[in-house]
Amino acid sequence: MSTRVRYAPSPTGTLHVGGAHTVLFNLLFARRTGGRFILRFEDTDRTRSSEGSEHAICDALRWLGLLWDEGVGAGGAYGPYRQTERLPLYQAAAARLLAAGGAYECFCTPEELESRREEARQAGRPPKYDGRCRDLSAAQRSALRAQGRTAALRLRLPPPEKLVVHDLIYGDVEFDTAELDDFVIVKSDGLPAYNFGVVVDDTAMAITHVIRGDEHLSNTPKQILLYRALGYDLPIFAHVPMILGPDRHKLSKRHGATSVDEFRDRGFVPEALVNYLALLGWSSPDGREILTFEEMARTFDLERVSKSAAVYDEDKMTWMNAQYLRRLPPLDLCERAASWLDAAGVPWRQADPTWLTAVVEAVRERVRTLTELPDAVRYFFAPPGSLDPEGVRRHMRDGTPALLAAAADRLESLPAFSAETAEAAYRALAEERAVKPAEIIHPTRLVLTGRTVGPSLFLVIALLGRDETCRRLRAIGLPAA
Ligand code: GLU
């Protein structure tokens, strides 16, 4: 039987990196096992769910390249893939449970339930449902209905037991069902409660493996009781540890970017984010860290997923991104950074592609996110607006402008202009003037680029070209340091 897995978000916001992590593990598992990955929306919270959020989640998944085989927007034989379009299925399952006595109608109002919970808390008892409507007679039910009350449906809990959840990641986890109460499965407005909807859907969609965040491990005993009551086969469960911030609390806004969109807006590329997320809780058997999706999918194994929570590390994420930027074809890198380059006014679109490629190759070792590209290439397009003050203090002497003008003379008289001939000219000049080459090289870099560090100076000179280099060398007019 081929595997079927799913991601079932509630469309109440954007895609969080934790969600992307869950999707990735589902998708890697599906690809590894030759199965299918389904996207389904749990949109029964009508006040918080929105179409805009569905679009945002789908767009973020597409941006990441994490595509679903079946589900909203992709179709499939098990649809519809939105819970609000599947109400008859829940109603049928609920009616069956009710008829078999596995569930019962509860007429308690939210206010009554709350005041009883409060009483229980005051008395130091766990605030569980007290079973008041468990055994109402038909006459009692009609009387309550006649008062205008509407019924929710509750599961009639079987006698307490030690229920063991077999989890591929957590191992066997034991729960005492005595701690549960007769929980609501269909709310009084007719919508399924989460635990009920998910069990009906996972069964109807023939889901074989439920791979989701470990915040749902504690819901699993309830779901297992529902599978049993409905006479359904259990899927295999795998709860993936959540991602923590550096302070070991659940990754949240406090730690910086948490939505996938924010990572995009901060100049991370999707391949790097996907690769980084894969390593949160999983590792490749051969220990390699830079892996394509296909490479990961070849070796992915839920049994290699750690059950201890992974900590998000911004430095590692940034390092990973830099690795990917380095491997991109330079013009592709520019395309991806287009919005930042344009916003910074860098006229890269008019540049000669061969020259632009060389410029990007010269600087990209220093570029960690796409947002850093404009600043890294800026001085190739226009003279620096200002010079690094510390560089001015260290490298500019009284004789420096004359020295730079002499360097410009040498460059102008070169029969052939290249990085090599420029370097030879500099060395010859230094020797003749009896100064260290650094005394010409450092100020040259400073006036050409505005900075004290960067790619090989003679490469910069070659890329700027003879005319532009000489213009900048002569135009220093030494701004006040
Ligand atoms: N809607 C639930 C969530 O977003 C789905 C949980 C599940 O996968 O069972 O957390």
Side-chain angles (χ1 to χ4, degrees), residues 3-30 35-51 53-54 56-58 60-61 66 68 70-72 78 80-87 89-90 93 165-170 173 175 183-185 187 191-227 230 232 234-243 250-252 258-260 281 302 305 309:
T3 57
R4 292 175 56 81
V5 296
R6 86 304 190 272
Y7 177 55
S10 302
T12 55
T14 54
L15 183 65
H16 185 274
V17 284
H21 187 242
T22 303
V23 169
L24 177 61
F25 281 21
N26 272 280
L27 195 56
L28 287 171
F29 178 79
R36 286 172 77 76
F37 170 59
I38 292 119
L39 175 67
R40 165 176 94 220
F41 281 111
E42 301 204 331
D43 61 344
T44 54
D45 184 340
R46 283 188 161 143
T47 51
R48 291 178 62 232
S49 300
S50 73
E51 215 177 297
S53 160
E54 281 191 15
I57 292 171
C58 291
L61 288 173
L66 303 178
W68 50 107
E70 237 178 73
V72 171
Y78 296 80
Y81 294 94
R82 260 185 211 97
Q83 286 194 323
T84 52
E85 294 167 12
R86 300 173 61 78
L87 299 182
L89 276 135
Y90 314 122
V165 175
H166 302 291
D167 188 278
L168 281 185
I169 296 169
Y170 273 82
V173 188
F175 292 89
F183 56 91
V184 170
I185 57 175
K187 295 179 265 185
L191 291 170
Y194 159 67
N195 285 302
F196 188 61
V198 79
V199 166
V200 171
D201 287 342
D202 284 340
T203 304
M205 294 184 185
I207 299 303
T208 57
H209 294 71
V210 169
I211 305 169
R212 61 185 170 197
D214 67 354
E215 69 270 29
H216 289 293
L217 184 58
S218 61
N219 286 320
T220 310
K222 292 186 188 177
Q223 293 173 15
I224 290 177
L225 292 174
L226 284 167
Y227 278 100
L230 288 160
Y232 296 158
L234 287 186
I236 293 168
F237 293 101
H239 287 90
V240 180
M242 65 175 119
I243 305 173
K250 187 174 180 194
L251 188 66
S252 73
T258 52
S259 86
V260 169
L302 286 169
V305 174

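Computed from a predicted model, the values in this text were never measured in an experiment. When a ligand or atom number is given, it counts from 1 through the structure's own listing order.
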Is the closest side-chain donor-acceptor distance between Asp201 and Tyr90 under 3.5 Å? yes
Between Lys187 and Asp45, is the closest basic N to carboxylate O distance under 4.0 Å? no
Arg4 to Tyr78, cation-pi by 6.0 Å centre distance and 45° axis angle: yes
When you compare the side chain of Phe37 with that of Val23, does any pair of heavy atoms fall below 4.5 Å? yes
Chain-and-number sorted residues having a heavy-atom contact under 4.0 Å with ligand 1 are Arg6, Ala8, Pro9, Ser10, Glu42, Tyr194, Val198, Arg212, His216
Donor + acceptor pair across side chains of Tyr194, Gln223 (<3.5 Å): yes
Salt bridge (Lys or Arg N to Asp or Glu O under 4.0 Å) against Arg82, all qualifying residues, sequence neighbours excluded: Glu54, Glu85
